[in-house]
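Below: one structure, written as structure tokens.
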There are 2 protein chains.
Amino acid sequence: MRDRPIDIDRLFHALGDPTRRAILDRLVERPMSVSQLAEPLGITLTAVAQHLQILKDARLAHTEKVGRVRTCRIEPAGFRALEQWVRDHRTAWEKKLDRLGRLLAEEDVDT
Amino acid sequence: MRDRPIDIDRLFHALGDPTRRAILDRLVERPMSVSQLAEPLGITLTAVAQHLQILKDARLAHTEKVGRVRTCRIEPAGFRALEQWVRDHRTAWEKKLDRLGRLLAEEDVDT
DNA sequence: CAAATACTGAAGTTTTCACTTGACTATTTT
DNA sequence: AAAATAGTCAAGTGAAAACTTCAGTATTTG
């Protein structure tokens with residue numbers, strides 16, 4: 001069922017790749033150029049640029065080109081959306097766990 | 001079946017698919033058979049079974065076969081691992097944002 | 001027992017993904 | 001101005017993902 005990518009799809013997809021998480025981990029430390037990002041990754045500049053596009057689509061990073069250098073930074077919006085998703089779903093899961101707990105307790109008495 | 005540590009790649013990958021998130025949303029309500037899960041999804045039983053395997057690998061769901069029926073339930077371990085990942089990373093991102101704020105403030109005085 | 005039900009397994013198809021190459025543009029540096 | 005640097009673009013490759021079909025295997029049910 002391949003349907004239109006919604007925000008949360010892009011987010012999870014972006015975070016699902018170890019190279020992209022490594023990029024984010026380094027950008028958390030400080031803003032960096034595409035070349036600087038590429039250096040320890042052992043992949044081409046092109047590949048890094050492609051990862052950056054995906055991170056940008058997920059609003060986990062943003063970039064700005066000045067002269068010939070593109071400077072990359074993390075952007076909090078994507079991360080905050082993830083936090084929101086987790087918050088929204090935690091409630092549902094907790095309710096389910098409560099109910100499961102109650103059912104198990106009832107079984108002890110009841111069955 | 002092995003009780004390996006939860007792999008964050010598998011987790012994000014599992015959650016990155018809308019069909020799988022739909023499956024989880026329904027399993028949060030109540031345990032269900034594979035057929036019941038398949039019915040509103042418009043995909044084959046086989047496809048659902050494949051999604052379930054991925055959810056199982058991410059420890060977001062687990063299943064048990066009794067007779068000819070496989071009953072599927074959510075499993076909290078994967079979700080908790082996600083929450084832990086978010087917690088771990090929030091601190092780092094917050095620090096970065098603090099530092100960015102401070103750097104901008106310093107620039108005003110300093111540069 | 002025969003038929004229906006609930007899945008399972010293997011293999012094939014199509015699409016998407018991560019990554020490359022190589023040619024190109026734009027900006028510094030010397 | 002020539003050379004080096006930083007990145008971009010278009011196209012291609014191989015592998016993984018998300019399905020499918022079809023032929024089973026158990027397990028109920030009539």
Side-chain angles (χ1 to χ4, degrees), chain A residues 1-27 30-74 78, chain B residues 1 7-27 30-73 78:
Chain A
M1 207 204 268
R2 299 287 59 213
D3 44 54
R4 302 297 130 243
I6 4 171
D7 213 41
I8 200 75
D9 272 352
R10 289 180 199 270
L11 235 190
F12 280 127
H13 172 237
L15 290 169
D17 182 275
T19 301
R20 285 192 287 268
R21 288 198 310 276
I23 287 174
L24 290 177
D25 285 346
R26 295 191 56 226
L27 289 182
R30 63 192 170 89
M32 239 174 263
S33 72
V34 182
S35 308
Q36 286 177 312
L37 282 173
E39 193 263 335
L41 292 175
I43 56 177
T44 60
L45 266 195
T46 304
V48 174
Q50 285 163 358
H51 283 304
L52 284 167
Q53 186 56 52
I54 289 164
L55 291 170
K56 206 182 138 200
D57 289 347
R59 308 216 30 208
L60 288 162
H62 75 114
T63 68
E64 190 198 1
K65 193 167 185 177
V66 175
R68 62 182 172 180
V69 177
R70 179 173 295 279
T71 301
C72 312
R73 299 182 160 75
I74 55 165
Chain B
M1 210 48 113
D7 180 348
I8 200 73
D9 273 351
R10 290 179 198 272
L11 233 190
F12 280 127
H13 172 239
L15 291 169
D17 182 275
T19 302
R20 283 192 288 267
R21 289 200 307 278
I23 288 174
L24 289 177
D25 285 345
R26 295 190 57 226
L27 288 182
R30 63 192 171 90
M32 238 173 262
S33 72
V34 181
S35 308
Q36 286 177 313
L37 282 173
E39 192 264 334
L41 292 174
I43 56 179
T44 60
L45 266 195
T46 305
V48 175
Q50 285 162 0
H51 282 303
L52 284 167
Q53 186 56 53
I54 289 163
L55 292 170
K56 206 182 138 201
D57 288 347
R59 307 215 29 208
L60 288 162
H62 75 112
T63 68
E64 189 198 2
K65 195 166 184 178
V66 175
R68 62 183 172 180
V69 178
R70 178 172 296 279
T71 301
C72 312
R73 298 181 160 76

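Keep in mind that this is a model prediction, so the values were computed, not measured. In what follows, chains are A, B, ... by sequence order, proteins preceding strands, each numbered from 1.
Distance CG (A:Leu37) to C1' (C:dC19): 17 Å, rounded to an integer number of Å. D:dA17 atom C1' lies 18 Å from atom CZ of A:Phe12, rounded to whole Å. Nucleotide D:dA18 holds its C1' atom 13 Å from the CG atom of A:Asp9, rounded to whole Å. Regarding A:Glu64, its CD atom lies at a distance of 13 Å from the P atom of D:dT8, rounded to whole Å. Here the P atom of nucleotide C:dT5 and the NZ atom of B:Lys65 are 16 Å apart, to the nearest Å. Between the CG atom of A:Asp17 and the C1' atom of D:dA16 there is a distance of 13 Å, given to the nearest Å. Between the P atom of C:dA18 and the CD atom of A:Gln50 lies a distance of 9 Å, rounded to the nearest Å. Rounded to whole Å, atom C1' of C:dC7 lies 12 Å from atom CG of B:Leu52.
Pairing each heavy atom of A:Arg70 with each of A:Thr63, the nearest pair is NH1-OG1, 2.9 Å. Minimum interatomic distance between B:Thr19 and B:Asp17 (heavy atoms only, all atoms of both residues): N-OD1, 2.8 Å. Across all their heavy atoms, B:Arg30 and B:Gln36 have their closest contact at NH1-NE2, 4.0 Å. Nearest heavy atoms, B:Arg20 versus B:His13: NH2-O, 3.1 Å.
Applying the 4.0 Å criterion to OP1 and OP2 of D:dA17, one finds that A:His13 has every side-chain N and O outside that range.
Although no hydrogens or angles enter the test, the distance criterion places no donor-acceptor pair under 3.5 Å between the side chain of B:Arg73 and the main chain of B:His62.
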Pairs: protein N or O with nucleotides 24-28 of chain D N or O, under 3.5 Å:
unit_1 : atom_1 : unit_2  : atom_2 : d
D:dT27 : O2     : B:Arg68 : NH1    : 3.3

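Counting any heavy atom pair closer than 4.0 Å across all strands shown, B:Leu45 reaches a base atom. Counting non-hydrogen atoms under 4.0 angstrom, B:Thr46 reaches a base of the nucleic acid.
Crowding of A:Arg21 atom CZ: a count of heavy atoms from other residues, nucleotides or ligands under 6.0 Å exceeding 12.
Both B:Ala49 and A:Arg20 sit near DNA chain C, but only B:Ala49 has its closest nucleotide nearer the 5' end. Mapping B:Val34 and A:Thr44 onto DNA chain C by nearest heavy atom places B:Val34 at the nucleotide closer to the 5' end.
Between A:Ile74 and the choices A:Leu60, A:Leu24, A:Leu55, the side chain to side chain contact (heavy atoms under 4.5 Å, CB included) rule is met once, by A:Leu24.
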